[in-house]
Amino acid sequence: MIKYHPNQDLLTLHAKGELPLSLSIAVSAHCELCPECAEKVAALTIASSEESFSLAQLSTDNGNMDEVLDTDLEALLADMMSDDTLESAAINLLPAEDTAPTRAVTNIKGQDYTLPWAFRQQINNQWQGIGKVSRLRLETGEAKARASLLHIAENGEIPQHSHKGEELTLLLAGEFSDEYNTYTAGDFMVLNSEHEHSPKTIEGCLCYTVVDAPLYFTKGISKLLNPIGELIY
Amino acid sequence: MENFQSQSVQNRYDKSMLSKNTKVIDTAMKSDDTDKNEAQYLAQLMEQVANQRSKAAFAKLFAHFSPKIRAFGVQRLSQQGLAMDLVQETMTRVWTKAHLYNADKAAVSTWVFTVMRNQCFDMLRKVQNNREDAFGDDIWPLFESDESDETDNDFKLSATLLKHVDDLPPLQKQVVQGIYMQELTQQELADKLKVPIGTVKSRLRLGLEKLKGFMEKHYD
Ligand SMILES: [Zn+2]
């Protein structure tokens with residue numbers, strides 16, 4: 001059973017689309033494994049759609065600017081209706097719709113892992129590693145966070161990171177445990193430099209990890225004000 | 001039906017006028033009903049877009065959502081031009097992905113919000129990281145679960161589609177087969193056939209319209 005979940009703030013920011021890619025992938029993948037959080041995100045999405053669209057109402061209700069802009073929107077609509085934009089858009093998308101998209105599969109040490117939807121276009125690099133530890137880097141385009149898949153073969157140890165930031169770990173398959181707990185697929189947690197522990201896996205495991213440079217998440221894509229650790233249990 | 005629709009539009013105007021004048025006593029009583037009517041009205045429009053490709057219904061959805069999307073875009077993207085791009089991209093997807101909307105699972109406004117949020121996510125990455133990628137729909141899939149059903153359905157549709165491909169005129173058949181069976185892009189196909197991409201598009205459109213006709217007969 002999943003014991004560690006993203007907290008409410010993180011789920012809310014995810015529903016609004018305000019997290020950077022590396023974290024959006026983590027929350028999305030967790031929700032695919034955790035019906036409980038998936039339901040919360042669905043409710044938060046309704047709430048934020050109401051919030052966004054009613055805010056919009058207020059800001060378009062005032063003043064002269066509105067009229068000018070309405071002309072813009074009218075022009076855009078006329079444009080879309082007249083020059084076949086809609087039809088050619090439909091045609092461009094049709095083949096892709098017909099060949100239903102599938103989840104990405106990655107093979108490491110002779111085992112195939114089917115990954116959550118969020119990884120569909122993210123597995124473009126090769127696995128690299130020494131001994132029991134293998135890593136596949138994702139190209140998220142974020143300068144200050146590194147996202148990767150981490151595979152530990154059976155009876156291996158999770159490597160400890162050696163920097164001041166924090167590390168988000170989402171267990172995707174298998175198990176690992178430390179002196180406090182056993183973690184199962186779907187568990188979403190932070191291992192930071194203060195936690196002196198060395199998790200081990202018996203059967204082997206596949207994780208998704210995001211390592212942030214200190215304070216990265218105070219900038220980034222969103223208006224996040226908290227370091228990653230405060231957003232996660 | 002027409003009456004009901006124009007009535008409902010009228011209500012919305014009334015509501016916004018009243019709230020501006022702060023005379024909200026009456027509307028407070030009515031607003032639950034009005035919201036429900038509005039939701040039903042929007043759902044009807046979506047259905048007309050999905051099933052009949054109704055441009056009139058699309059224009060009404062556009063009138064309802066585009067100011068909201070633009071306001072969201074101004075806030076999130078902080079550039080007027082980008083906000084208009086967001087309106088265009090979002091509404092184009094509402095048109096092309098209308099068949100993915102499921103009235104049992106979400107209100108139209110929630111669904112349009114998700115389309116917009118996903119699009120905005122990709123646009124922000126483009127602005128901030130100069131990345132031309134489209135990951136939003138992977139992170140928040142627009143179709144919700146029921147995967148087995150969906151795959152089943154797709155399979156049946158493709159099988160039906162393929163069965164009728166042979167009935168198409170040769171030039172249309174060539175294009176439909178290239179796109180669907182050999183999974184070529186339109187550009188690749190245009191290069192291969194040595195025709196302009198516009199020709200590929202128009203043959204494909206004609207072919208698909210004809211196939212759609214076959215399939216409608218098939219399902220009737
Ligand atoms: Zn959860």
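In the text below, chain A, chain B and the rest are named by the order of the sequence lines, each starting its count at 1.
How far CE of A:M80 is from CZ of B:F62: 6.0 Å, rounded to the nearest 0.5 Å. Distance CG/A:L21 to CG/B:L124: 12.0 Å, rounded to 0.5 Å. Separation of atoms CD1 (B:I69) and OG (A:S52) is listed at 11.0 Å; rounding is to 0.5 Å. Atoms NZ and SG, on A:K16 and B:C120 in that order, are 13.0 Å from each other to the nearest 0.5 Å. Here CZ of B:R70 is found 5.5 Å from CG of A:D70. Values are rounded to the nearest 0.5 Å. Taken from CZ in B:R117 to OG in A:S49, the straight-line distance is 9.5 Å, to the nearest 0.5 Å.
When side chains are defined from C-beta on, A:L73 counts as touching B:P67, because their heavy atoms get closer than 4.5 Å. For the pair B:T110/A:E50, no side-chain contact is recorded, criterion being any heavy-atom separation below 4.5 Å from C-beta on.
Side-chain rings of B:F65 and A:F53 approach one another, their centers coming within less than 6.0 Å.
Heavy atoms closer than 4.5 Å to chain A are found nowhere in B:A107, neither backbone nor side chain. For a residue to count as touching a neighbouring chain, one of its non-hydrogen atoms must lie under 4.5 Å from one of that chain's; by this rule B:M91 touches chain A with backbone and side chain alike.
In this structure, A:L19 and B:F121 approach most closely via the heavy-atom pair O-CE1, 3.4 Å. The shortest heavy-atom contact between A:M81 and B:A59 is CE-CB, 3.9 Å. The shortest non-hydrogen separation linking B:D138 to A:S28 is O-OG, 4.4 Å.
The neighbour count for B:K126 NZ, taken as heavy atoms of other residues, nucleotides or ligands under 6.0 Å away, does not exceed 12.
With chain A as the partner, the residue from B:F135, B:F58, B:F113 showing the most heavy-atom pairs under 4.5 Å is B:F113.
Applying the ring pair (Phe, Tyr, Trp, His ring centres under 6.0 Å) rule to A:F119 yields the partners A:Y208; only residues at least two apart in sequence or on another chain are considered. Partners of A:H14 according to the ring pair (Phe, Tyr, Trp, His ring centres under 6.0 Å) rule, which considers only residues two or more places apart in sequence or in another chain, are B:W140.
Defined by atom type and a distance below 3.5 Å, a donor-acceptor pair is missing between the side-chain atoms of B:D133 and A:Q121.
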